Number of protein chains: 2
Amino acid sequence: MDKLTSMNVFVRVAKAGSFAGAAKDLDISRAMATKHIMQLESELNTRLFNRTTRSLSLTEAGEAYLERCQQVLLDVAEMESAITHLQTEPRGTLKILAPPVIGASHISPGLTEYLKNYPDLSVEMVLKGGQVDLIDEGVDLAIYLGQLNDTSLVARKLASSSLVVCASPEYLKNHGIPQDPEDLEDHSCLINWAIPPRNKWRFKGILGERTVTVTGRMQANMADPIRNAAVNGLGLIMLPRYIVGRDIEQGRLQVVMEQYGIAPLEIYAVYPHRKYLSAKVRSFLEFIQAWLPHRIGMNP
Amino acid sequence: MDKLTSMNVFVRVAKAGSFAGAAKDLDISRAMATKHIMQLESELNTRLFNRTTRSLSLTEAGEAYLERCQQVLLDVAEMESAITHLQTEPRGTLKILAPPVIGASHISPGLTEYLKNYPDLSVEMVLKGGQVDLIDEGVDLAIYLGQLNDTSLVARKLASSSLVVCASPEYLKNHGIPQDPEDLEDHSCLINWAIPPRNKWRFKGILGERTVTVTGRMQANMADPIRNAAVNGLGLIMLPRYIVGRDIEQGRLQVVMEQYGIAPLEIYAVYPHRKYLSAKVRSFLEFIQAWLPHRIGMNP
DNA sequence: TTTATTGTTTCTTAACTTTATACAATTTAT
DNA sequence: ATAAATTGTATAAAGTTAAGAAACAATAAA
């Protein structure tokens, strides 16, 4: 028998001045009202009411109990509403993890925008590549590139960005323009191993899929150094268009093998569980899902 | 499922940092620990722990809940111990009701003695004859004379005092000394109707029981005026020896018809219930039960 | 008197709690 | 590297309890 319920019954009986009245208020049977009080009395080993069939009065212990009961019940109600409120209104701290480049270039502008709507919310952003244990680190939501293989996490697709192979015009002039995936084996391919699979580039041509194992003069766990190296003529890169788009527009990089299709890079939001999703995560998720595709340039 | 129990489980899990550890502490199964937490989470609609099989961390809501839970649990424990203590140690206010004469002459000296042992206890004494609703008046314990016919009350015999019929020597000289119960019909018999049955005096002689209906020049609901009147020669009285004892010793009153037996007046302590008897009532009961018979002059 | 209402008791059914057992995931030990 | 142990959870069976209906004794009002 739930003690808090019994305490509530006790308070109502004391207020109503009768078991029957309280029972009606609480929509329970008179029998249950009796049982709740008797339960409390037996647990406390104390008589709470002096009662006969027709008259009812609190004992001294009952008076003392009543006062404290009310306080406890109030506290519990206040507590639950506070917790529920935390669940309903975005507030507190939202800890986000994202790969450095997209985090800095695309997620953080979105965050800034988002935060304007929720004055009680603050954000902690961690820019880090590679696999991270979200739960250990207390991360609320992470941005992942490519697919995910942790079954305990929930992934939601946010957007996708086409991958392009490109190099600086200078490099292409010196080493020739590759026409076929196989040609890549003779080139310097700069590898960003933040995007899996590390050193395999996969193309879809007229003759089906072809996977090439590439090597090159530079590897990094971040896209930025790779992009820089390519702009400076160190080799070919395969990076999402949202990173190299401007370089291409402005002629610093030049796309090659456009006739081949490359499976686009998928961008996912990832979070620990789907039930009881906190308001801050839920609402940011909705926001970024609407916001990101426009900035990436493609729909999810 | 008792919410306070669940809250306790929650606190222990948070402290132990694992369900299994908390389960061992609380001597319940791991399964139950899980269920308690799940129950809370579903009631709050909020995830309290981020957890996988191997790692556990409080959510933001969990942190907030933990703090308040501990406070509530402490409050409840404190409250219960306070109530139980009230039940174990005599303290607070003991409300006693007694017939005026015995209350003033015998009970209140006992009370004074008794109170010395319990500095946290105070007493409210009501001297009143006749039937009183103990529960309505919030009386903890009453002293009753004669038998009781309220089934909802518990009576415990404290003492008995022999009743004697007597009058002033002056009265007896003027009206003659009654030898037989029947003689009383020609006398003025002063009636104290605080002691039932009101106007019938019952004697036990060699020839069996005899009940006489008496009348007289004065009736009162208290013994004192009756005794006074008798001392002043207004008639015969039948009062317990503890009231008229001294008057007899000092010759102000003279006993008659001593050869007849009169059922002694029984003195009872009466209280509302026998279960969960509060410490103050229980201990005073014990005290007065040991104390009173000596002062009344007869054993219970 | 009859009628209605009170707090309580008894009894039965429905609901819940608890345990035992199994399982998937993951870590530690050998 | 394989086996053993430990974690949180799921599921089903057993055991326990809570809930309401009906009946009851006590009392008050009509």
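Within every chain, numbering begins at 1; the chains are lettered A, B, ... in the order of the sequence lines, protein sequences first and strands thereafter. In this text the structure is predicted, and so the values were computed from the model without any measurement.
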With sequence neighbours excluded, residues passing side-chain contact (heavy atoms from CB on, under 4.5 Å) with [X]:
X     : result
A/S29 : A/A31, A/M32
B/A77 : none
B/Q87 : A/T46, B/Y276, B/S278, B/R282
B/S18 : B/A20

[atom1] of [X] versus [atom2] of [N]: gap in Å, rounded?
X     : N      : atom1 : atom2 : result
A/M38 : C/dT10 : CE    : P     : 10 Å
A/E41 : C/dG7  : CD    : P     : 13 Å
A/I37 : C/dG7  : CD1   : C1'   : 12 Å

Sequence neighbours excluded, every pair satisfying ring-ring contact (aromatic ring centres under 6.0 Å, His included) that has a member inside residues 57-102 of chain A: A/F10-A/Y65
Which ones in residues 14-22 of chain A lie close to DNA chain C, meaning a heavy atom under 4.0 Å from one of its atoms?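 When residues 14-22 of chain A is checked for heavy atoms under 4.0 Å from DNA chain C, the hits, listed by number, are A/S18, A/F19, A/A20.
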Going by the rule salt bridge (charged side-chain N to carboxylate O under 4.0 Å, His left out), which residues pair with A/D27 if we only count those two or more places apart in sequence or in a different chain? none
The criterion is salt bridge (charged side-chain N to carboxylate O under 4.0 Å, His left out); which residues satisfy it with A/K35, sequence neighbours excluded?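 With sequence neighbours excluded, A/K35 shows a salt bridge (charged side-chain N to carboxylate O under 4.0 Å, His left out) to no residue whatsoever.
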Tell me, for nucleotides 11-23 of chain D in 5' to 3' order, what letter each nucleotide earns: B for a base near a protein heavy atom under 4.0 Å, S for only sugar-phosphate near one, - for neither? BB-----SBBB--
Distance below 4.0 Å between A/T34 side-chain N/O and C/dG7 OP1 or OP2: no
Does atom CD (B/E67) have a neighbourhood of more than 12 heavy atoms from anything else shown, all under 6.0 Å?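 Atom CD in B/E67 is not crowded, with 12 or fewer foreign heavy atoms closer than 6.0 Å.
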